[in-house]
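All chains are named by letter (A, B, ...) in the order of the sequence lines, taking the proteins before the strands, and each is independently numbered beginning at 1.
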Amino acid sequence: MPQEPTELVRDLTEPQRRAVLHVDGPLLVLAAAGSGKTRVITRRVARLVALGIPGWSILALTFTNKAAGEMRDRVNALLGEGSRASRGLTLTTFHALGARLLRKYAPLGAVPGLKGDFTIYDASDQQALVKKVLEGLQMSAGNWSPRSVLSAISAAKNDLLDAAAYARSAGGYYEQQIARVFESYERALRAAGAVDFDDLLVLTARMLRTDARVRAEVQARWRYLLIDEYQDTNRAQFEIARLIAGEGAQSGGPALPAELEPAGPNICVVGDPDQAIYGWRGADIENILDFEKHYPGAEVIALGENFRSTAPILGAADSLIRRNRRRKHKDLFTSRPGGDPVEIVVTQDEHHEARVVCDWLRSHSLAETAGGLAWRDMAVFYRTNALSRVIEEQLRSGGIPYVIARGTAFYEREEVRNALAYLRVIANQADDISLLRIINTPARGIGKASLDRVIEAATARGLPVFSLLREPGTVKDLSARACSAVRAFVALIDGLTGHGAFMGADVPASLAELVERAIRDSGLEALYRQQAGASGAASDEDRLANLSELVSSAAEFEQKYDPASDPALDGAGASTPPLLAMLRAYLESVALVADADTVDPERGSVTLMTLHAAKGLEFRAVAMIGLEEGLLPHARSLENEHAMEEERRLCFVGITRAMRRLLITHAKYRSARGFAERTMPSRFLDELPPEHCTRRDLARDGFIDDGPEAAPAPSAGRGRDSGPPGPFPPGSLVRHPQFGVGKVLAVSRGPGARARVEFREAGVKTLVLEYAGLKQVGEARGRA
DNA sequence: GTTGCCAAGTTTTTT
DNA sequence: ACTTGGCAAC
């Protein structure tokens with residue numbers, strides 16, 4: 001039997017309890033950081049189920065797959081082992097929900113021009129497609145950077161404008177040109193049987209709006225809707241939520257007694273305006289601020305008490321976020337006294353910063369101190385992914401286990417992308433972008449010239465490239481050699497699919513086998529094996545290892561895959577061969593991984609991630625690096641007050657992830673694009689309360705602050721464990737007896753230390769400090 | 001057709 | 001620094 005509802009609220013605060021006990025009608029939970037939000041939503045879902053509401057009528061939308069999985073685990077734990085009641089709960093992300101609804105309803109014609117077997121294009125696929133489109137329109141990729149074109153298209157989509165609507169609203173020449181690309185891009189996507197990430201939301205919203213039958217079906221099924229991180233929803237997501245929530249249990253009949261009057265849609269949203277950090281991708285904070293306007297009669301519950309962080313950490317967070325002007329003030333409070341101050345440390349450069357962070361992590365580890373922390377309790381946050389590298393190197397050399405939360409990193413590797421491209425062609429032969437990626441990888445005699453002829457023929461006839469490959473004889477001027485190479489390629493694909501039947505003695509029977517065969521039969525394996533053998537380079541060994549890891553991931557997916565819950569196999573899709581359906585589901589799951597999905601607390605490692613990926617997580621000890629003007633706040637936000645406030649919220653999110661200890665660092669010099677530059681401390685550092693922070697300056701380049709004549713400052717003591725630093729910090733000017741004046745690019749440390757110096761006349765040289773006879777000249781201004 | 005080298009541009013954050 | 005695209009040599 002399900003647990004008594006009273007069990008579910010016993011240990012909660014009053015507002016938490018109210019939120020958990022709410023059943024019907026709209027509910028807004030304003031959950032401050034660390035206020036037990038996850039607890040509240042999982043309890044509420046468990047309670048709905050305990051009340052007898054069937055699991056299949058509950059839809060919960062989270063920001064990442066991982067959050068969805070955790071929620072499922074916690075709900076199951078609350079309802080007791082083996083509870084059947086939670087079965088059928090739909091716990092997923094907006095994007096995965098969109099994919100699922102489109103797979104189910106597109107085959108029924110609910111989305112014009114889209115079939116159910118679509119491929120999901122990621123950013124680099126989109127880029128490749130836009131380049132192709134620009135070429136087709138004779139617009140040079142030089143003047144029209146695919147990047148900016150795509151961001152304009154994405155912004156339009158997030159605003160629910162389709163190509164035609166965008167074209168109508170396009171004002172100037174630039175926008176009109178973008179509109180042309182937009183239209184052509186959409187056509188190319190559909191022709192390739194593909195959707196981009198934005199489409200997963202936009203097409204879903206449009207389908208729900210225009211197709212009354214789909215809308216009715218969805219509304220009839222999901223009677224209870226819950227949305228987490230609502231402050232980060234965009235227009236399309238708002239629309240999807242609104243359309244699924246419907247009007248509530250409207251009777252449509254004669255007036256009912258007040259107590260039976262429908263309470264409105266059963267939509268519960270949870271979020272915190274102070275943690276809105278996705279404005280740049282169209283998220284609209286107004287969605288949460290205006291919730292009561294959109295859903296009249298909504299109950300509003302504020303969770304303010306913080307159960308996560310110590311008072312100094314919370315004090316720092318509060319003092320920072322108060323600086324935002326566009327904000328409804330709310331008090332953050334904790335009843336837990338004590339706690340160590342927030343440590344703010346200035347380091348010499350990013351390498352020094354990395355050492356300080358590693359030392360700090362180690363000093364808190366279980367091995368070092370009684371009552372210390374496990375590695376998995378610690379995390380390092382940074383504003384941009386590029387900052388992770390130096391930290392990684394230091395952690396690796398220091399023997400500290402770590403994982404990087406970058407969900408797509410594995411799937412972005414060249415060899416993995418190639419293997420996936422084969423699978424995508426198998427799953428959808430209209431997918432030109434994937435086809436062009438692998439048709440001559442490894443080289444099989446279909447070179448650029450031949451390919452251009454095939455593409456030309458395909459374009460002329462308005463057909464996918466693959467269909468031309470099936471009759472190479474009809475392609476004008478295609479050499480006999482190329483023809484036979486093309487036939488061999490088609491035979492390769494047909495061999496893997498059993499000519500589309502996915503059946504037969506010579507055809508793979510399982511997904512893992514299909515992936516393995518694709519890698520082997522295509523020659524990818526041989527390609528990397530040959531390279532690995534020839535050069536002996538470790539990276540090519542890695543590539544082979546990554547390919548076999550891909551096979552394992554397919555095998556793992558296969559274990560968990562349940563055809564009964566595959567929306568693509570409903571109704572119109574029922575005749576799809578099971579292996580093909582599984583392959584498509586696998587490719588979809590690969591396309592929709594989030595960075596945070598890779599966070600695995602079981603692995604016993606320090607977690608490295610961007611501040612964005614950190615949202616929703618907590619760690620006992622957190623180090624935040626790179627608190628510098630131009631980094632956090634990011635350079636792209638300096639001019640714009642809204643963007644600046646979002647940066648501040650991002651910093652706030654980082655601080656509030658920390659439960660017990662927080663280290664914030666700023667490097668005095670940091671190299672970007674190969675040049676070390678002097679930095680400025682982040683303005684956010686000035687906004688932290690002195691009474692809750694300790695500040696230490698471990699940088700030691702006194703001669704720069706004090707002029708070229710002054711001696712270097714004395715040793716900084718702590719944090720330098722690998723010998724004396726190079727005496728010339730990156731960025732400084734030096735004189736070499738032979739090469740003259742140059743700018744120091746990088747310095748290595750320890751015995752035999754070298755410096756890379758860019759000389760005005762002689763170019764870049766690497767010099768051993770001991771012998772080079774370099775003399776300090778002064779601080780560089782700009783480039784040498 | 002294939003391979004390897006050089007030049008240029010390049011970066012925020014993510015589903 | 002690091003990738004990507006173009007071009008020349010094989």
Nearest-nucleotide comparison on DNA chain B, the residue closer to the 5′ end among A591(A) and I446(A):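 First, find each residue's nearest nucleotide; the 5'-ward one identifies I446(A).
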5' precedence on DNA chain B between A594(A) and A449(A) (nearest-nucleotide basis):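 Its nearest nucleotide being more 5', the pick is A449(A).
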Test: R657(A) cationic atom under 6.0 Å from F619(A) six-membered ring centre, within 45° of axis: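 Checked: cation-pi criterion not met.
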Residue E412(A) excluded, over 12 heavy atoms near CD under 6.0 Å: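 Yes - once you tally the heavy atoms of other residues, nucleotides and ligands closer than 6.0 Å, there are more than 12.
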Check: W280(A) ring centroid to H642(A) ring centroid under 6.0 Å: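 No, ring centres 6.0 Å or more apart.
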Among [options], which nucleotide has an atom closest to any side-chain atom of [X]?
| X | options | result |
| --- | --- | --- |
| R673(A) | dT14(B), dT2(B), dT10(B) | dT10(B) |
| R636(A) | dT13(B), dT11(B), dA1(C) | dT11(B) |
| K131(A) | dT13(B), dT11(B), dG5(C) | dG5(C) |
| Y278(A) | dA1(C), dT14(B), dT15(B) | dT14(B) |

Which atom pairs, donor and acceptor, lie under 3.5 Å between side-chain atoms of residues 627-636 of chain A and protein residues at least two apart or in another chain?
unit_1  : atom_1 : unit_2  : atom_2 : d
E628(A) : OE1    : R670(A) : NE     : 2.8
E628(A) : OE2    : A667(A) : N      : 2.8
E628(A) : OE2    : R670(A) : NE     : 3.4
E628(A) : OE2    : R670(A) : NH2    : 2.7
E629(A) : OE1    : R683(A) : NE     : 3.2
E629(A) : OE1    : R683(A) : NH2    : 2.7
E629(A) : OE2    : R683(A) : N      : 2.7
E629(A) : OE2    : R683(A) : NE     : 3.0
H634(A) : ND1    : R636(A) : N      : 3.0

Phosphate-side-chain proximity, R389(A) and dC2(C), N/O vs OP1/OP2 below 4.0 Å: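 True: R389(A) side-chain N/O within range (under 4.0 Å) of dC2(C) OP1/OP2.
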Plane angle bin for H95(A) and F197(A) - parallel if under 30°, tilted between 30 and 60°, otherwise perpendicular: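 Plane angle over 60°, so perpendicular.
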Salt-bridge contact R103(A)-D566(A) (side-chain N to carboxylate O under 4.0 Å):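 A salt bridge is absent here (no side-chain N lies under 4.0 Å from a carboxylate O).
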From [atom1] of [X] over to [atom2] of [N], roughly how many Å is that when rounded to an integer?
| X | N | atom1 | atom2 | value |
| --- | --- | --- | --- | --- |
| E229(A) | dT15(B) | CD | P | 12 Å |
| Q126(A) | dT14(B) | CD | P | 15 Å |
| E135(A) | dG5(C) | CD | C1' | 13 Å |

Positions of residues 93-101 of chain A (non-hydrogen atom under 4.0 Å from DNA chain B), listed by number: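 Only H95(A) qualify.
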Salt bridge (charged side-chain N to carboxylate O under 4.0 Å, His left out) between D431(A) and R424(A), intermediate numbers included: CA-CA 7 Å; D431(A) 180 355; R424(A) 284 160 55 144; 3.7 Å; yes
Touch class at under 4.0 angstrom, heavy-atom based, for T408(A) against every strand present: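 Counting heavy atoms under 4.0 Å across all strands, no contact is made by T408(A).
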Ring-base stacking, W280(A) with dT13(B) (5.5 Å, 30° cut-offs):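 Yes; by the centre-distance and plane-angle rule, W280(A) counts as stacking on dT13(B).
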Separation of the P atoms in dT13(B) and dT4(C), to the nearest angstrom: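 These two P atoms come out 15 Å apart once rounded.
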